[in-house]
Amino acid sequence: MISSVKFSFLIVFSFLCTVSSAKENTGPFKIIYQFGDSLADRGNRIRQSGVTSVFNVSSLPYGMTYFHKPTGRFSNGLLVIDYIAKALHLPLLHPYLETNASFISGVNFAVGGSTALDNSFFYERNISVPSTNVPLSQQLKWFKKHLKLVSDNRSQCEERLKRALFMMGEIGGNDFSTAFSQGKSIKESRTYVPYVVDAISIAIREVIQFGARIIIVPGIIPMGCLPSFLTSFPSADPKAYDDKGCLKKLNKFVLFYNNYLQKNLAALRLEFPGVVIRYYDYYNAFQYILHNAGSLGFDQRSLLKACCGKGGKYNYSNDMICASNGVKACLQPERFVHWDGVHLTQEAYRYISDHLIRDILSNM
């Protein structure tokens with residue numbers, strides 16, 4: 001997985017359309033729909049039957065900080081989407097696959113490990129992906145299934161969708177991390193960028209057709225700063241690293257992708273002038289944390305180390321990942337940026353969400 005601003009329903013819309021008077025939210029958004037991967041997964045991955053995850057998020061210490069139990073989130077506590085919901089005075093979203101959940105305030109469709117592209121894209125390039133992968137196209141099918149169960153008051157539902165917040169990602173990071181982990185070069189992976197961005201654009205167009213009017217599309221966080229990548233792709237050349245110890249080439253690739261995504265979003269805004277489509281810069285939000293770590297309360301000696309892990313310079317090993325036997329979490333996760341070497345801590349997500357809430361949502 002990698003990172004960085006990119007569907008059951010009978011219950012949702014019967015509530016949305018017929019019980020809207022109960023606990024009415026007075027803010028700008030009444031509903032949130034979240035698509036994406038493990039950076040936003042609220043528990044869909046652990047509810048997929050017959051699926052095992054590299055990260056055992058159904059066990060402690062996952063969830064230890066806020067919930068004091070595992071919830072299916074790939075962190076020690078809250079995620080960016082949780083902070084957004086709290087800032088909007090909405091309940092935390094339930095995962096789509098949760099049985100008998102109330103979806104009165106939206107649905108979380110994100111699944112850990114998800115890619116923007118379908119499996120066939122990877123198979124054609126000799127890249128292995130799990131058959132249980134839930135790509136963005138499948139998440140959209142869930143969304144459509146969700147909408148087909150709308151009550152007969154369709155016009156009222158569509159009107160409410162116009163005030164829903166659509167979070168289209170973060171997604172796309174896994175497409176590249178999967179390729180890199182199987183020996184694909186940065187040069188070759190750059191050729192995948194238009195396909196990944198096109199998949200996200202298709203998803204944006206589809207939700208617009210169903211009534212979406214406010215869409216946030218995050219970019220990818222600097223993968224060259226993640227303990228997992230720093231461990232897997234070490235370099236003996238000091239010039240390969242920037243002043244914070246991150247891998248320059250990987251981060252340069254991420255910037256190339258994020259810039260390509262932003263250009264595409266600019267074109268979509270011209271195509272849909274009545275729709276608010278905002279890019280969210282996960283990359284620079286993350287860099288802000290690294291460059292202001294001391295004043296934000298993070299341990300500057302552990303900026304590139306995993307809180308929950310074991311082994312090596314970055315406290316990360318593919319053979320000894322978080323929640324494995326003998327692997328413990330650090331005593332002060334609030335002092336760490338990285339949680340398990342791939343995902344971030346609750347505290348890091350809090351600062352990333354602060355940027356989103358302050359810079360984007362507060363101006364809508």
Side-chain angles (χ1 to χ4, degrees), residues 1-6 35-39 113-130 133 135-137 168-205 217-269 271 277 279-287 290 304 341-343:
M1 193 236 77
I2 293 297
S3 332
S4 222
V5 179
K6 242 212 179 3
F35 303 83
D37 56 26
S38 57
L39 295 191
S114 290
T115 57
L117 294 165
D118 290 345
N119 288 6
S120 58
F121 176 90
F122 300 99
Y123 296 155
E124 290 168 0
R125 290 159 179 79
N126 295 316
I127 301 172
S128 299
V129 289
N133 178 36
L136 186 53
S137 62
M168 191 60 67
E170 186 271 343
I171 195 162
N174 286 321
D175 299 67
F176 303 118
S177 62
T178 299
F180 291 145
S181 67
Q182 296 182 39
K184 301 300 181 181
S185 66
I186 289 178
K187 182 179 180 180
E188 180 173 346
S189 296
R190 282 170 68 100
T191 67
Y192 304 165
V193 168
Y195 296 97
V196 172
V197 172
D198 189 52
I200 295 171
S201 298
I202 289 171
I204 291 171
R205 288 189 176 93
V217 188
I220 295 175
I221 65 174
M223 61 178 67
C225 300
L226 297 177
S228 58
F229 277 87
L230 287 164
T231 300
S232 299
F233 304 102
S235 176
D237 182 4
K239 295 181 180 179
Y241 300 89
D242 64 17
D243 61 335
K244 292 299 178 181
C246 303
L247 287 164
K248 291 180 181 178
K249 286 186 178 180
L250 282 174
N251 283 352
K252 185 178 179 181
F253 170 81
V254 172
L255 287 173
F256 172 78
Y257 167 81
N258 286 342
N259 288 334
Y260 195 100
L261 175 63
Q262 290 179 74
K263 290 177 182 179
N264 195 268
L265 296 181
L268 286 171
R269 292 187 197 104
E271 185 178 345
I277 304 172
Y279 172 78
Y280 182 57
D281 194 349
Y282 268 26
Y283 185 98
N284 280 316
F286 182 93
Q287 290 287 9
L290 288 190
L304 300 180
V342 175
H343 311 95

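As the structure is a computational prediction, the values presented were derived from the model and not from experiment.
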> Minimum heavy-atom separation for Ala116 to Val196, with atom names?
Replying inline: CB-CG1, 3.9 Å

>> Could you walk me through whether Met223 and Phe180 satisfy the side-chain contact (heavy atoms from CB on, under 4.5 Å) test, starting with their C-alpha distance in whole Å, then the side-chain angles of each, then the deciding distance to 0.1 Å, before giving a yes or no?
In response: CA-CA 11 Å; Met223 61 178 67; Phe180 291 145; 3.6 Å; yes

>> Which heavy atom of Leu304 sits nearest to which heavy atom of Cys225, and what is that distance?
In response: CD2-O, 3.5 Å

> Any side chain to side chain donor-acceptor pair (under 3.5 Å) pairs touching residues 186-197, not counting sequence neighbours?
Replying inline: Glu188-Tyr192

> Going from CZ on Phe253 to CG on Asn258, what distance comes out if it is rounded to the nearest 0.5 angstrom?
Replying inline: 9.5 Å

>> Check this for me: Lys248, atom NZ, are more than 12 non-hydrogen atoms of other residues, nucleotides or ligands nearer than 6.0 Å?
In response: yes

> Thr178 and Ser128: which non-hydrogen atoms are nearest, and at how many Å?
Replying inline: CG2-O, 3.6 Å

>> I'd like to check the side chain to side chain donor-acceptor pair (under 3.5 Å) partners of Asp118; sequence neighbours left out, ordered by chain and number.
In response: Ser137

> Quick one: CD on Gln287 to OH on Tyr282, what's the gap to the nearest 0.5 Å?
Replying inline: 15.5 Å

> Ignoring hydrogens and geometry, is there a side-chain-to-backbone donor-acceptor pair from Lys184 to Arg125 under 3.5 Å?
Replying inline: yes

> Under 4.5 Å between any side-chain heavy atoms of Asn251 and Tyr283, yes or no?
Replying inline: yes

>> Looking at every non-hydrogen atom in both residues, tell me the closest pair between Ser177 and Phe229 and how far apart they are.
In response: CB-CZ, 3.6 Å

> Sequence neighbours excluded, which residues qualify as side-chain contact (heavy atoms from CB on, under 4.5 Å) partners of Asn133?
Replying inline: Ser114, Thr115, Asn119, Pro135

>> Could you report the tightest heavy-atom contact between Pro238 and Ala236, atom names first, then the distance?
In response: CD-O, 3.3 Å

> By ring-ring contact (aromatic ring centres under 6.0 Å, His included), which residues pair with Tyr241, not counting sequence neighbours?
Replying inline: none

>> For residues 222-245, which residue pairs pass the salt bridge (Lys or Arg N to Asp or Glu O under 4.0 Å) check, not counting sequence neighbours?
In response: none

> Taking it one step at a time, do Val342 and Ser38 satisfy side-chain contact (heavy atoms from CB on, under 4.5 Å)?
Replying inline: CA-CA 10 Å; Val342 175; Ser38 57; 5.6 Å; no

>> Less than 4.5 Å apart, side chain to side chain, heavy atoms only: is that true for Ile204 and Leu265?
In response: yes

>> For Leu117, is there any backbone N or O sitting under 3.5 Å from a side-chain donor or acceptor partner on Asp175?
In response: yes

> What are the two closest heavy atoms between Gly224 and Leu230, and how far apart are they?
Replying inline: O-CD2, 3.4 Å

>> List the residues meeting salt bridge (charged side-chain N to carboxylate O under 4.0 Å, His left out) with Arg205, not counting sequence neighbours, and say none if there are none.
In response: Glu271

>> Please identify which of these residues, Val254, Leu250, Val193, meets the side chain to side chain contact (heavy atoms under 4.5 Å, CB included) condition with Phe176.
In response: Val193

